[in-house]
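Report on one structure; see the data block that follows.
Remember, it's 1-based here, ligands and their atoms both numbered in the order they're listed. Since the model is a prediction, treat every value here as computed from it, not as a measurement. Position 1 is the first residue of the sequence, and the numbers go up from there. What you see below is based on every heavy atom in this structure, not just the backbone, and it leaves out hydrogens, waters and symmetry mates.
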Amino acid sequence: MNSELILAIESSCDDTAVAVLRGTKVLSNITASQAIHADYGGVVPELASRSHQQNIVPVLLKALSQANIRQNDLNAIAVTRGPGLLGSLLVGLSFAKSLSLSLTIPLIEVNHLQAHILAHFIEGANENGAPEFPFLCLTVSGGHTLLVIVRDFFDIEIIGSTLDDAAGEALDKIGKLLGLDYPAGAEIDRLARCGNPLAFRYNRPKIEGFNFSFSGIKTSVLYSLNKEKQNNPDFIQQNLYDICASAQQTILDTLMDKLIQAAEHYKIKNLAIAGGVSANSKLREMLNNLTDYQVFIPEFSYTTDNAAMIGLVGYLKFKRKEFASLDLSAQAKYPLNTI
Ligand code: KG4
Ligand code: ZN
């Protein structure tokens, strides 16, 4: 019970999130999502920064009160340094710096992608327990698609990434073509459950090795919709379930094929998923159906952006005494291989 208390702040995109952890145990994990972007079909950076400004104090107060601790009990502040939207990152980072200064406790910087990958180590994050090293982690979100080998907490090798759109981005763009609100991933997931994944055939990317490409699938869906709408203006409304199921399946098959190829190539039996798209019910089902592998699927609250995952990495860095100085800059681009 004597582990350190870490306050974690995440503001890399459009969610303002604050969590309190005691060691690897989450005491509170609060997120304020920004509905305002739905009107624009994507995240508007300036609006995101302004909303973070408005949200950050109430979210912090709620996180402290739910954890039932006082500011003075905290041992360190962990904060997302990048990658993300610069204006959004700056709100969280400046806030974390001021708090660290006023409470005279260390500041710890966290790479958002490392946090998604290591979210599996949050106590209770996974019904199969935490994965043993080495494991393969498919990290799929709105901004990133990465396949990594995790040999240790701080020994993560990228073996594949997307050459263009991220998997979540492709789902969000396809959703836009279908007239769905941004971000569309969760809605496509829901609609796809009622559809036939074999109803329509969209182009599958043919990329060598373990890299990905998703922009072609979106274009293929666009061309197909344009063609069908010429004959039937109501084509989308009449076939929404099947289009969602078919497009989603094309993306998930690509992800799963690469994951399995990599597992065979590197002879790794532990497979994990992370990031917003790992909330997808079909992807989770496909993983759970694998018989030759031990699979690790995080609880929903630790898949999409959250501050608990930032706190987990913060705690690991606290143990290593890896503290940041107060002149730390935010990094809009912050590749995983620089940690
Ligand atoms: O990790 P995340 O919250 O933010 C980024 O770091 O990007 O991921 C957001 C992405 C969005 O593209 C969203 O459409 C997708 O995750 N997403 C889903 C689901 N829930 C969120 N995609 C597929 N199925 C879902 N259930
Ligand atoms: Zn994320």
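Ser246 and Gln248 form no side-chain donor-acceptor contact under 3.5 Å, judged by distance and modelled atom types alone. Remark: the His52 side chain and the Thr16 side chain contain an N/O donor-acceptor pair separated by less than 3.5 Å. His120 and Asn126 form a side-chain donor-acceptor contact under 3.5 Å, judged by distance and modelled atom types alone. With no hydrogens or angles considered, no side-chain donor-acceptor pair links Thr31 and Asn306 at under 3.5 Å.
No more than 12 heavy-atom neighbours from other residues, nucleotides or ligands sit within 6.0 angstrom of OH on Tyr241.
Taking a cut-off of under 4.0 Å to the non-hydrogen atoms of Ala186, the atoms of ligand 1 that pass are 18 (C), 19 (C), 20 (N), 25 (C), 26 (N). Atoms of ligand 1 lying under 4.0 Å from any heavy atom of His112, numbered from 1 in the order shown and given with element: 6 (O). Annotation for ligand 1: atoms under 4.0 Å from non-hydrogen atoms of Asp189 are 24 (N), 25 (C), 26 (N). Below 4.0 Å from some heavy atom of Leu171 lie the following atoms of ligand 1, by number and element: 22 (N), 23 (C). Distances below 4.0 Å separate heavy atoms of Asn280 from the following atoms of ligand 1: 23 (C), 24 (N), 25 (C), 26 (N). If you number the atoms of ligand 1 from 1 as listed, the ones under 4.0 Å from a heavy atom of Gly168 come out as 12 (O).
Some N or O of Gly142 is nearer than 3.5 Å to an N or O of ligand 1, by distance alone. Here's the thing with Ser281: none of its N/O atoms is less than 3.5 angstrom from an N/O atom of ligand 1. Residue-to-ligand polar distances place Gly185 within reach of ligand 1: an N/O pair is separated by less than 3.5 Å. An N or O contact shorter than 3.5 Å links Asp172 to ligand 1 by distance. Checking only distances, Gly143 does come within under 3.5 Å of ligand 1, N or O to N or O.
The closest approach between His144 and ligand 1 stays at or above 4.0 Å for every heavy atom of the residue.
Listed for the Asp242 side chain is no donor-acceptor partner under 3.5 Å among the backbone atoms of Gly195.
The shortest non-hydrogen separation linking Ser28 to Ala63 is OG-O, 2.7 Å. Nearest heavy atom pair, residue Leu74 against residue Ile105, reads O-CG2, 3.5 Å. The nearest pair of heavy atoms linking Leu336 to Gln114 is CD1-N, 3.6 Å. Residues Leu252 and Leu283 approach most closely at CD1-N, 3.7 Å, considering heavy atoms. What you find for Ala48 and Leu85 is that their closest heavy atoms are CB-CD1, 4.5 Å.
Under 4.0 angstrom from ligand 1, the non-hydrogen atoms of His116 all belong to its side chain. When non-hydrogen atoms are compared, ligand 1 lies under 4.0 Å from the backbone of Asp305 as well as from its side chain.
In summary, His112 places an N/O/S atom under 2.8 Å from the Zn ion (ligand 2), meeting the contact criterion. For His116, the nearest N, O or S atom to the Zn ion (ligand 2) falls under 2.8 Å.
Within Asp305, the N, O or S atom at minimum distance from the Zn ion (ligand 2) carries the name OD1.
Summary of contacts: the protein heavy atom closest to atom 17 (N) of ligand 1 is Gly276 O, 3.5 Å.
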